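Report on one structure; see the data block that follows.
Remember, it's a predicted structure, so these values are computed and weren't measured experimentally.
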Amino acid sequence: MSQTSDPDPEPRLYSLTRQASPIIAHVVCVAFTVFMAFLSRPGTSWFSWHPLLMTLAFSLFMTEAVLLFSPRGSLFHSSTHKTKGRVHWLLQVVCVSCAVLGLTAIYYNKHLTGKPHFTSGHGRLGLFTVLAVLLQSLAAMPLIYTSLAKGWSLARLKRYHTASGLVSYLLGCVSLLLGLCSAWFTASVNSITWYLAALCPVLSAFAIMSQVTRAYVAKKRFQS
């Protein structure tokens, strides 16, 4: 029996990069969160909770929630898809909780200091991102409790959830990057540390985009 070769073989360098990206994302999101915890010194002020909670939400929990479905980087690789879905949902609940608490902390801190709210690009985008993630998580309820779908195609809902989840994740990464441009952060680190810190959400974003787009392309090939 003759064997047919892949007409479009994957370049070796690209294949290695794709395989390594989930591992890099795991390391980066944990390292970035630990660094922000060390820098913000949570508990020293109301503001100190804001960078930590937002980093936990968008750098750690949301990243890990998406990486659960990575074919090579999932910490629950041997678990069923249903189990991964439940853990994904739990991580998203923690993500939203941290984001709301982080937003509350900075709002209350500005209230105490008499400063206006949501005047910067970081503040406005951060508010929009928290609301988007909250709505996106609520909209995913029919995927968990299918009785809520009410005639909707679950396959279509999954596609909408994946697309909106990627957009929400990228918004979170951009919000983190804008936070690194704040007066507090730039005054706390030197230029080299700033660039290394800024690289963290960028690397995570590329890893997640690669995972999601690869899964979408693979699904389209399977259906064709």
Side-chain angles (χ1 to χ4, degrees), residues 25 28-69 84-145 148 157 160-185 197 200-201 204-205 208 212:
V28 163
C29 73
V30 172
F32 184 61
T33 303
V34 171
F35 171 71
M36 290 301 292
F38 171 80
L39 194 67
S40 61
R41 295 184 297 166
T44 55
S45 66
W46 274 102
F47 172 82
S48 67
W49 291 106
H50 174 70
L52 174 63
L53 288 168
M54 289 305 191
T55 305
L56 283 170
F58 297 112
S59 179
L60 184 62
F61 293 121
M62 199 171 187
T63 302
E64 292 297 337
V66 180
L67 288 176
L68 274 172
F69 300 103
K84 291 178 182 179
R86 294 291 181 178
V87 177
H88 172 82
W89 180 77
L90 288 173
L91 287 173
Q92 281 298 106
V93 169
V94 178
C95 166
V96 172
S97 300
C98 287
V100 171
L101 289 173
L103 185 64
T104 303
I106 191 62
Y107 186 91
Y108 188 63
N109 182 73
K110 285 182 176 292
H111 170 73
L112 291 177
T113 56
K115 295 181 179 179
H117 302 284
F118 311 116
T119 56
S120 65
H122 169 63
R124 290 190 290 268
L125 182 63
L127 174 62
F128 179 79
T129 301
V130 172
L131 293 176
V133 172
L134 178 60
L135 291 175
Q136 195 263 346
S137 298
L138 291 175
M141 294 300 291
L143 296 177
I144 303 171
Y145 303 102
L148 299 175
L157 287 176
Y160 290 159
H161 177 67
T162 301
S164 61
L166 178 59
V167 172
S168 299
Y169 182 81
L170 294 178
L171 285 173
C173 289
V174 175
S175 296
L176 290 176
L177 281 172
L178 290 178
L180 300 183
C181 298
S182 66
W184 167 77
F185 189 82
C200 292
S204 297
I208 296 304
V212 173

Subject >> Interatomic distance, L127 atom CG to I106 atom CD1 [nearest 0.5 angstrom] >> reply: 12.5 Å
Subject >> Minimum heavy-atom distance M141-W89, with the two atoms named >> reply: SD-NE1, 3.9 Å
Subject >> side chain to side chain contact (heavy atoms under 4.5 Å, CB included) between F118 and L103, worked out >> reply: CA-CA 11 Å; F118 311 116; L103 185 64; 3.8 Å; yes
Subject >> Distance, nearest 0.5 Å, that separates SG of C173 from CZ of F58 >> reply: 9.5 Å
**OP:** Considering non-hydrogen atoms only, spot the tightest contact between L56 and C98 and give its length.
**Re:** CB-SG, 4.2 Å
Tell me which donor-acceptor pairs under 3.5 Å the side chains of residues 29-44 have, and how far apart each pair is, sequence neighbours excluded?
| residue | atom | partner | partner atom | Å |
| --- | --- | --- | --- | --- |
| T33 | OG1 | C29 | O | 2.7 |
| S40 | OG | M36 | O | 2.7 |
| T44 | OG1 | R41 | O | 2.8 |

Original post:
Rounded to the nearest 0.5 Å, what separation is found between the CG atom of N109 and the OG1 atom of T104?
Top reply: 12.5 Å
**OP:** Would you sort out whether I144 and R86 count as a side chain to side chain contact (heavy atoms under 4.5 Å, CB included), showing the intermediate values?
**Re:** CA-CA 8 Å; I144 303 171; R86 294 291 181 178; 3.2 Å; yes
**OP:** Would you indicate whether H111, at its atom NE2, is surrounded by more than 12 heavy atoms from other residues, nucleotides or ligands within a distance under 6.0 Å?
**Re:** no
Subject >> Minimal non-hydrogen separation, H50 against A105, with atom names >> reply: N-CB, 4.2 Å
Original post:
Which class fits the ring pair H161 and H88: parallel under 30°, tilted 30 to 60°, perpendicular over 60°?
Top reply: perpendicular
**OP:** Using only heavy-atom distances, determine whether the side chains of T63 and S204 contain a donor-acceptor pair under 3.5 Å.
**Re:** no
Subject >> Over all atoms of both residues, closest heavy-atom pair of F69 and K84 >> reply: CE2-CB, 3.7 Å
**OP:** With rounding to the nearest 0.5 Å, note down the distance linking CG in L131 to CG in L171.
**Re:** 11.0 Å
Original post:
What heavy-atom pair brings S175 and T129 nearest, and what distance separates the two atoms?
Top reply: OG-OG1, 3.1 Å
Original post:
Quick one: are M62 and I208 in side-chain contact, heavy atoms under 4.5 Å?
Top reply: no
**OP:** Measure the OH-OG distance between Y169 and S164 for me, rounded to the nearest 0.5 Å.
**Re:** 15.5 Å
**OP:** Can you see which heavy atom on L176 is nearest to which on M54, and at what distance?
**Re:** CD2-O, 4.1 Å
Original post:
CG of L134 to CD of Q92: how many Å apart, nearest 0.5 Å?
Top reply: 11.0 Å
Original post:
Crowded around F185 CZ? As in, over 12 foreign heavy atoms under 6.0 Å?
Top reply: yes
**OP:** Evaluate side chain to side chain contact (heavy atoms under 4.5 Å, CB included) for L53 paired with V100, printing each intermediate quantity in order.
**Re:** CA-CA 9 Å; L53 288 168; V100 171; over 6 Å; no
